[in-house]
Structures are given as structure tokens and as C-alpha cells.
Amino acid sequence: MTDPDKPINFIQQVINHDLESGLVDRVITRFPPEPNGYLHIGHAKSICVNFGLAEQYAGGCNLRFDDTNPEKEDEEYVNAIIDDVRWLGFQWQGDICYASDYFDQLYSWAKYLITQGKAYICELNSEDMRAFRGTLTEPGKNSPFRERPALESLNLLEEMKTGQIDEGRMTLRAKIDMASPNINMRDPVMYRIKKMAHQRTGELWNIYPSYDFAHGQEDAIEGVSHSICTLEFAANRPLYEWFVDNLPLPSQPRQYEFGRLNLNYTVTSKRKLKQLVDESYVEGWDDPRMPTISGLRRRGVSPQAIRSFCDSLAVAKTDGVVDMAQFEHFIRDDLNTNASRAMCVINPLLVTLTNYGADKSERFVVAGHPNRDDLADRNLPFGHQIYIDRNDFSEDISLSRKKFKRLVIGDYVRLRSAYIIRADDLIKDDSGEITEIIGSIVDDTVGKDAPEGIRPRGVIHWVSATDCADCTVKIYDRLFNKAAPDADEESFLEHINPNSLTLIEGCKAELGLANASAGDHYQFEREGYFTRDSKSDSLVFNCTIGLRDNWKI
RNA sequence: UGGGGCGUCGCCAAGUGGUUAAGGCACCGGGUUUUGAUCCCGGCAUCGGAGGUUCGAAUCCUCCCGCCCCAGCCA
């Protein structure tokens with residue numbers, strides 16, 4: 001799994017050092033999502049880093065829900081996250097962990113800190129607390145409650161816990177340093193009152209621990225050796241360490257930060273993705289245009305493509321924006337080697353083959369993949385009438401064969417895996433639209449080179465007009481038409497691409513496709529990669545991504 | 001502005017005093033091809049800036065410039 005040629009990243013350097021020095025004997029990491037939304041491609045990187053490290057070092061990785069704020073969290077998200085991690089192919093160590101499982105322990109550690117004179121109940125309201133905190137350039141001022149006797153704080157904390165104090169009236173704060181240049185160290189809140197039921201602990205608690213008071217201790221309880229998070233938590237590290245140093249923890253985890261993944265032409269912020277869902281800009285968290293794991297899955301992106309992409313990313317401290325094209329490369333790369341080939345005519349144009357009897361028919365057995373015989377062969381019916389794509393025919397006979405490698409009247413083209421045909425005539429309706437092409441086959445050309453004197457202009461796909469499956473195809477474009485939708489002042493919503501979804505009905509697919517199921521990947525030859533939509537009962541295919549298209553006029 | 005972090009090709013990114021400054025994506029040429037796909041060949045940077053140390057610097061020092069994060073009882 002580990003690429004020997006891939007350079008060692010800075011976290012691996014730290015781990016190697018910790019292992020050699022004996023500081024650590026087993027590498028334990030963790031992926032700690034808050035269940036307040038669905039996982040997205042950015043989380044995938046974190047998942048790959050954490051589970052990947054555990055795998056490389058034969059350690060373990062925990063899946064732990066950081067459920068310390070019932071206000072934003074929901075069981076729906078918990079289940080979706082579990083599904084996504086599993087779908088990506090990762091297995092966590094032991095049982096799933098929850099911060100809420102540690103609420104009792106956290107609470108007793110809070111009391112311990114009060115006893116040590118290192119925490120106190122503060123009655124400043126949020127507005128005053130902000131004022132007392134100072135600013136980036138000015139130090140803060142001590143809370144008037146800072147020196148309150150430990151016993152008093154202990155009693156008040158108990159009252160907070162049991163619901164005797166109103167929300168917002170009090171907090172438990174760590175007594176650190178109101179003059180610290182690091183604002184996170186200016187007596188941060190450890191517990192706040194939230195008289196709210198928690199999806200796992202119910203009505204048991206009226207107070208909930210803050211992220212800072214919970215995270216490092218959760219890591220310590222679980223024996224996490226390397227707690228890897230994203231760059232924005234770097235300023236919280238001194239606080240993380242302060243709790244680790246001042247509490248009688250079972251282990252001393254260390255925090256390391258790396259740059260989170262950013263992709264252009266999309267947003268990776270749970271808050272923004274939730275807004276897109278809540279305000280119906282998309283159909284849901286799993287809308288195929290969403291950069292969520294579930295959206296990518298429904299779109300037809302494979303777990304392996306996501307993992308390959310994530311593995312291609314550097315674990316470093318630079319915060320860059322990765323080009324969507326890089327992700328697309330890995331999607332195509334995976335699909336090209338794994339997707340079965342098939343034919344589907346998206347804009348059907350009827351072709352009647354005059355020299356192929358209406359009562360005649362054949363079946364061609366065709367490979368499912370050009371270089372993989374483990375993928376099942378296909379059975380393609382052929383007959384008197386077929387469909388080709390309207391884009392594969394042109395009335396302009398002046399187009400050079402180099403410029404237009406498709407069908408024109410009087411010239412030949414190869415039907416993929418079938419006959420060479422010639423277009424002889426066309427029929428139009430009253431409005432001037434072409435309704436039918438009249439053509440003919442060249443005998444004995446299936447699976448054989450073109451006979452002397454006949455040079456097909458190119459190869460086009462087709463489907464039997466009588467033996468095919470009607471289907472709908474959904475083509476997606478980027479959700480935003482600006483590379484950095486959330487870069488400037490105006491809302492990212494201003495940059496939503498109004499044409500991100502194109503629905504095309506009346507497409508004609510080769511017969512076998514009628515049995516496709518969601519999760520199967522196909523390459524519709526000359527078009528792109530598709531998968532059956534998991535949310536539709538009828539035959540609907542989502543375009544995962546188009547084939548690369550290099551030709552220019 | 002106080003603190004923390006980061007600046008190597010259009011994008012991502014190796015590089016830890018001596019290399020022709022990896023690799024991938026994108027792009028541009030050319031070849032193969034019953035998918036204008038795939039595949040194959042080839043092209044593509046002097047390292048944010050200015051000084052300095054050194055026989056020698058992307059790598060060390062100094063100053064400057066730019067970008068990101070922190071002033072939620074969010075995570």
C-alpha cells in the first residue's frame with residue numbers, strides 16, 4: 001500500500017522519530033468528525049491520512065464522533081458518516097467512539113482542575129467576556145470571579161450540571177493567562193450551559209464541554225499517539241498541551257497540524273454545504289453535484305479514485321487550492337481501468353439500413369473492456385434500423401475527413417464493434433429537422449478491416465432501434481462558475497452555476513444497460529463514464545465525468 | 001496591529017549547503033488505436049524580493065514583501 005518512492009511527509013518523520021526514541025510503541029490516530037453535516041472530499045483527505053498512517057505503521061485508527069454540541073448535531077449525520085467511512089474502505093479499531101462516552105470523566109477532570117485552583121466558574125455574560133478578553137493587540141483583564149474559592153466553583157458547577165442555572169449565566173473557565181499573546185489561552189471556556197437533549201446522553205446533562213476541554217482528553221483516553229488535525233487548530237495547540245500537562249491523563253497525546261484540502265470551483269465547508277441543502281440549491285447532501293462523499297458516490301466516483309487522489313496530495317503545512325482537474329484525472333484513471341464499456345446514444349437519430357433486411361437480425365458478442373477479460377462480454381443486437389447520435393452526422397459534406405471523423409452523406413463510417421456503413425440519403429420533417437438517415441452496410445465488415453477502396457472516416461457508437469433500452473441521462477457541470485466561490489465579499493451563492501444540471505430524456509442505451517445497478521460503473525464509449533442513479537426507479541444514468549476531449553476544430 | 005503558520009513551473013509538490021532543481025496535474029508537439037478515449041514518445045521553472053555568509057545556497061543569516069489562521073459560552 002505504501003509507495004516506496006513517495007517522499008516521507010513531516011508527520012511520518014515525527015512518527016519515525018517517536019518510534020525510534022521509544023516515545024511511542026504503537027501508532028494510534030483518530031478521525032474525529034463532529035456529526036453536524038455530511039463528510040466531503042476534504043474529510044476524505046483527513047480520513048486517508050489518519051487511517052493510512054495507522055495502516056502503514058500497523059497501528060490503529062479510531063472513528064470518534066466529537067459530539068460535544070447537541071445544538072448542531074444529529075443522528076442522521078452520525079449514520080451518514082459511518083456509511084461514508086466504511087464505503088471508502090476503511091476499518092476503525094474496535095468500537096466507534098463518542099466524546100459523549102467520556103462526559104463523566106471529563107466532568108471529574110473539570111472538578112480536579114477547580115480543586116487545583118486552575119479553573120473557576122465565571123459569571124460574566126458573553127458580551128462582558130468578550131470585552132474582558134482584550135483584542136489582538138491589547139491584553140485581556142481578569143474576570144472578577146477568577147479568584148473565587150474552589151469550593152464555591154465546585155458547587156456552582158454542580159448546579160450548572162443539574163440545570164439550576166440558566167443558559168448563558170455562567171461558564172467554567174480554565175485559569176491560564178489573560179495577557180497571553182495567544183487569545184486561546186485567555187481563560188478559555190471549558191463548560192457552557194446548554195439545556196438541551198443530546199442524541200446519545202438524552203437529558204442527563206445541562207452542560208457540555210467545549211472542544212478545547214474535550215479533544216485532547218478524548219485522545220488521551222483512547223491512547224491516541226498522534227492527534228492530527230488541520231492548520232486552523234495550530235493556535236489551539238498550546239491549550240491542548242496545557243490540559244495534557246495539567247490533568248492526570250492516562251497518556252500524553254501530541255497534536256500535529258497539516259493543510260486541509262481545498263478544491264477550486266467548489267466549497268468544502270460543512271456550513272456552506274448545509275446551506276446549499278437547506279435552501280434547496282441542490283437536491284440534498286447526496287446531490288451528485290455536491291463534493292460530499294455521498295454526492296460523489298451517487299455521481300459514480302469510486303472509493304478507489306478518491307483514495308488515489310488523496311494519496312496524491314501532500315501532507316504539508318501549505319494551504320493551497322488543488323485544481324479540480326487533478327481530482328478528475330484520478331476519477332478517469334480509475335474508471336478507465338475498471339468501468340465496463342457500453343454504448344448509449346444520447347441524442348438519437350434513426351438510421352435505416354436499406355440493404356439489411358427488416359426481418360434480419362444479428363447479435364454481436366463484444367468485449368466488456370478492451371484489455372480486461374474478467375469483465376463480462378456484451379451481447380449487442382443489430383438490425384435494420386439503428387440509432388446514432390445526431391452529433392455524429394453532418395449535412396456539411398465539405399468537412400474534411402480529418403476535421404469530421406463521423407458520418408456525412410456519401411461517405412463511410414465504422415459502427416463500433418459492428419459494420420461499416422455509408423450514408424446515402426436523409427429525410428427531414430416540415431420544420432427542416434433531420435428525422436432519419438438512409439444508409440447501407442458494407443457486407444462482411446464486422447470484426448474485419450475495411451475492404452480495399454473503403455476508408456471509414458471514423459468510428460461512431462450506435463444502438464439497435466428495436467432492441468434497446470430507453471433511458472434518461474443527467475449531465476453535470478461544476479456547481480460554481482468561479483474558481484474561488486467563497487473568496488470575496490459577496491456570498492458564494494452568487495457564483496452558483498445555473499446550468500450545473502442537464503437532464504436529457506429519450507436516450508437509447510444498449511439492452512444490457514437495462515439491468516445496470518447503482519454502484520456499477522460504465523464507460524459509454526465516446527461519451528464518458530456513467531452510473532445508474534440510486535434515487536430513481538426508472539432507468540436514469542448520472543454522468544460521472546466525460547471522456548477527455550482533446551480534438552479541436 | 002499581538003501571536004501562530006506558509007511562500008519552489010499555470011495548479012499540487014519533492015528538495016534539510018555541492019543534483020542537469022524529482023514527480024503528478026494542466027498545457028503544447030508527435031506516434032499507435034474499430035472509443036477524436038486509453039497507451040507511448042518528446043517539450044515545459046533557478047526557487048516571493050533585496051542584501052550577506054560560503055570555493056559553492058532553493059537550502060544558512062539579515063531586512064523587506066505577500067498570503068492564511070486566532071478576539072464563538074462553534075469545531
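Below, chains carry the letters A, B, ... as their sequence lines are ordered, and counting in each starts from 1.
U16(B) and A58(B) have their C1' atoms separated by 11 Å, with the value rounded to a whole Å. Comparing C64(B) with A71(B), their P atoms sit 27 Å apart, to the nearest whole Å. A37(B) sits 16 Å from G31(B) when the C1' atoms are compared, rounded to a whole Å. A gap of 24 Å separates the C1' atoms of C39(B) and A22(B), to the nearest Å. Annotation: U8(B) and G2(B) have their P atoms spaced 25 Å apart (nearest Å). C67(B) and C11(B) have their P atoms separated by 16 Å, given to the nearest Å. With both ends at atom C1', the span from A13(B) to C6(B) equals 14 Å, rounded to whole Å. With P as the reference atom, C27(B) and U33(B) are 24 Å apart, rounded to whole Å.
Across all strands shown, G42(B) forms a Watson-Crick or G-U wobble pair with C28(B), both key distances being under 3.5 Å. With both pairing distances under 3.5 Å, C63(B) is matched to G49(B) as a Watson-Crick or G-U wobble pair. Under the Watson-Crick or G-U wobble criterion, with both distances below 3.5 Å, A75(B) is left unpaired in every strand shown. Base pairing annotation: C9(B) forms no Watson-Crick or G-U wobble pair, as no partner gives both donor-acceptor distances under 3.5 Å. With both pairing distances under 3.5 Å, U34(B) is matched to nothing as a Watson-Crick or G-U wobble pair. Under the Watson-Crick and G-U wobble criteria, each requiring two contacts below 3.5 Å, nucleotide G17(B) is left unpaired.
The distance from atom CH2 of Trp242(A) to atom P of G4(B) is 21 Å, rounded to the nearest whole Å. When rounded to the nearest whole Å, the span between CD1 of Ile331(A) and P of U38(B) equals 15 Å. Atom CG of Asn236(A) and atom P of C68(B) are 19 Å apart (whole Å). Atom-to-atom, CG of Asp212(A) to C1' of C70(B) comes out at 11 Å; the value is rounded to the nearest Å. Note: NZ (Lys45(A)) to P (C12(B)) measures 11 Å, nearest angstrom. Rounding to whole angstrom units, CD1 of residue Ile207(A) and P of C73(B) are separated by 16 Å.
At the phosphate of G72(B), OP1 or OP2 sits under 4.0 Å from a side-chain N or O atom of Arg133(A). Under 4.0 angstrom from either OP1 or OP2 of G2(B) there lies no side-chain N or O belonging to Thr135(A). Between Lys6(A) and A13(B), a side-chain N or O to OP1/OP2 separation shorter than 4.0 Å is absent. Between Arg130(A) and the phosphate of G72(B), there is a side-chain N or O to OP1/OP2 separation shorter than 4.0 Å. Applying the 4.0 Å criterion to OP1 and OP2 of U38(B), one finds that Arg548(A) has a side-chain N or O inside that range. The phosphate of U35(B) has neither OP1 nor OP2 within less than 4.0 Å of any side-chain N or O from Arg406(A). Remark: Arg237(A) is not in phosphate contact with G4(B), judged by side-chain N or O atoms under 4.0 Å from OP1 or OP2. Residue Arg260(A) places none of its side-chain N or O atoms closer than 4.0 Å to OP1 or OP2 of C69(B).
Between A14(B), U1(B), A75(B), one nucleotide has an atom nearer to the side chain of Leu136(A) than all others, and that is U1(B). Taking the side chain of His329(A) as heavy atoms from C-beta on, and the options U38(B), A75(B), A26(B), the nearest nucleotide is A26(B). In this structure, the nucleotide among C73(B), C6(B), U35(B) sitting nearest to the side chain of Pro370(A) is U35(B). Comparing atom distances between the Arg416(A) side chain and each of A75(B), U34(B), A14(B) picks out U34(B) as nearest. With C73(B), G36(B), U35(B) as the candidates, the nucleotide lying closest to the side chain of Arg341(A) is U35(B). Each of G2(B), A37(B), C25(B) was ranked by its minimum atom distance to the side chain of Leu547(A); first place goes to A37(B). Here the nucleotide nearest the side chain of Ala314(A), chosen from A75(B), A14(B), G36(B), is A14(B). Ranking U35(B), U16(B), G15(B) by closeness to the Pro7(A) side chain, first place goes to G15(B). Relative to the side chain of Ile183(A), the nucleotides G2(B), C74(B), G4(B) differ in distance, and G2(B) lies closest. Counting only heavy atoms from C-beta on, Gln326(A) has its side chain closest to C11(B) among C11(B), G4(B), C73(B).
In this structure, Lys405(A) reaches the bases: a heavy-atom distance under 4.0 Å links it to at least one base atom across the strands shown.
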Margin query: Run Tyr240(A) and Phe233(A) through ring-ring contact (aromatic ring centres under 6.0 Å, His included) and show every step you take.
Written below: CA-CA 10 Å; Tyr240(A) 182 105; Phe233(A) 290 99; over 10 Å; no

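Rounding to the nearest 0.5 angstrom, the gap separating the CZ atom in Arg406(A) from the CD1 atom in Ile460(A) is 9.0 Å.
For Arg526(A) and U35(B), a side-chain-to-base donor-acceptor distance below 3.5 Å is absent, hydrogens and geometry of angles not being considered. Residue Glu527(A) places no side-chain atom within donor-acceptor reach of the base of U35(B), judged by atom type and a 3.5 Å distance cut-off alone.
Side chains of Tyr107(A) and Glu158(A): a donor on one and an acceptor on the other come within 3.5 Å. Under 3.5 Å, the side chains of Gln304(A) and Ser302(A) contain no donor-acceptor pair of N or O atoms. Side-chain contact annotation: Tyr522(A) with Glu527(A), donor-acceptor N/O pair under 3.5 Å absent.
For Tyr120(A) and Phe145(A), the ring centers sit 6.0 Å or farther from each other.
Aromatic ring pairs are classed by plane angle as parallel below 30°, tilted from 30° to 60° and perpendicular above 60°; the pair His198(A) and Tyr208(A) is parallel. Taking the six-membered ring where the residue is Trp, Phe213(A) and Phe243(A) present perpendicular rings, their angle passing 60° and hence far from 30°.
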